[in-house]
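Notes follow the structure.
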Amino acid sequence: MTLYERFEQLVALVLSGLIAVVIIVALVELVRVVTRMLATETLDVLEPDTFQLVFGMIMTVLIALEFKHSIVKVALRNESIIQVKTVILIALIALARKFVVLEEQASPAKVAAMAGALLALGLVYWLVRARDESAARRHTEAESGTGGGKRSPGQASE
């Protein structure tokens with residue numbers, strides 16, 4: 001392992017630890033808020049403000065977990081850098097969170113812009129995933145020695 005790879009691994013471990021602390025704090029705050037709402041009988045997820053608060057907090061924890069997971073992959077050297085697909089996925093989750101916590105008086109232009117960004121990110125994610133699946137399929141075919149040429153059931157083997 002090169003000096004830079006060791007440095008990259010150390011940075012990933014430190015970031016992972018810091019994100020773990022953030023996740024724990026966010027989770028404790030989420031539990032505190034939900035517990036308080038249950039105790040005061042104000043937990044009504046059909047109420048828009050309550051829905052936005054609770055699910056916004058849940059999605060924040062999920063975003064942090066996905067981010068930590070991607071950093072742990074780097075720290076364990078399963079991957080050398082953060083993967084594009086993971087960054088796009090985190091952006092999709094963050095944008096979905098933004099829709100959840102969007103105020104009712106948001107302008108139509110803002111909603112349209114966010115919807116456009118969501119569609120664009122979704123398309124890019126789909127394209128990257130298709131590329132990765134195609135590359136994995138080619139790699140598997142190369143390892144197994146099959147060139148992708150399949151015989152029909154009636155075709156005799158030579």
Do [X] and [Y] sit in one hydrophobic cluster, given that two such residues count as connected whenever their side-chain heavy atoms are within less than 4.5 Å of each other, even indirectly?
X      : Y     : answer
Leu62  : Ile24 : no
Tyr4   : Ile71 : yes
Val72  : Leu13 : no
Val28  : Ile63 : no
Val124 : Phe99 : yes

Nearest non-hydrogen partners of [X] and [Y], listed with the distance:
X      : Y      : value
Leu92  : Gly122 : CD2-N, 3.8 Å
Arg97  : Gly56  : NE-O, 3.2 Å
Thr35  : Val31  : OG1-O, 2.6 Å
Val61  : Leu27  : CG2-N, 4.2 Å
Ile90  : Ser70  : CD1-OG, 4.4 Å
Ala106 : Val111 : CB-CG2, 4.3 Å

inquiry  = Would you say that more than 12 heavy atoms from the other residues, nucleotides or ligands in this model lie under 6.0 Å from the NZ of Lys98, or not?
reply    =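 At most 12 heavy atoms, drawn from other residues, nucleotides or ligands, come within 6.0 Å of this atom.
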
query = Near Glu103 CD, under 6.0 Å, is it more than 12 heavy atoms from other residues, nucleotides or ligands?
reply = yes

query = Below 4.5 Å, heavy atoms only, C-beta onward: do Leu102 and Met114 meet side chain to side chain?
reply =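 In short, these two side chains touch, coming nearer than 4.5 Å.
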
inquiry  = Contact between Arg131 and Lys85 at the side-chain level, heavy atoms closer than 4.5 Å - yes or no?
reply    =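 A side-chain contact is absent here, since even the closest heavy-atom pair is not under 4.5 Å.
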
request  = Considering only NZ, NE, NH1 and NH2 on the basic side and carboxylate oxygens on the acidic side, decide whether Glu133 and Arg137 come within less than 4.0 Å.
outcome  =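 So Glu133 does not pair with Arg137 through a salt bridge.
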
ask   = Below 4.0 angstrom, N of the basic side chain to O of the carboxylate: do Arg32 and Glu29 qualify?
value = yes

ask   = Which is it for Leu18 and Val22 under the side chain to side chain contact (heavy atoms under 4.5 Å, CB included) test, yes or no, and what are the steps along the way?
value = CA-CA 6 Å; Leu18 290 172; Val22 170; 5.7 Å; no

[X] side, atom [atom1]; [Y] side, atom [atom2] - distance, nearest 0.5 Å:
X      : Y      : atom1 : atom2 : answer
Ile93  : Leu65  : CD1   : CG    : 9.5 Å
Arg129 : Ser134 : CZ    : OG    : 12.5 Å
Ile19  : His69  : CD1   : NE2   : 12.5 Å
Leu123 : Ile88  : CG    : CD1   : 10.0 Å
Tyr125 : Thr86  : OH    : OG1   : 7.5 Å
Thr60  : Ile23  : OG1   : CD1   : 11.5 Å

request  = Just do the side chain to side chain contact (heavy atoms under 4.5 Å, CB included) check on Val54 and Met37 with the steps written out, would you?
outcome  = CA-CA 10 Å; Val54 173; Met37 288 179 160; 4.0 Å; yes

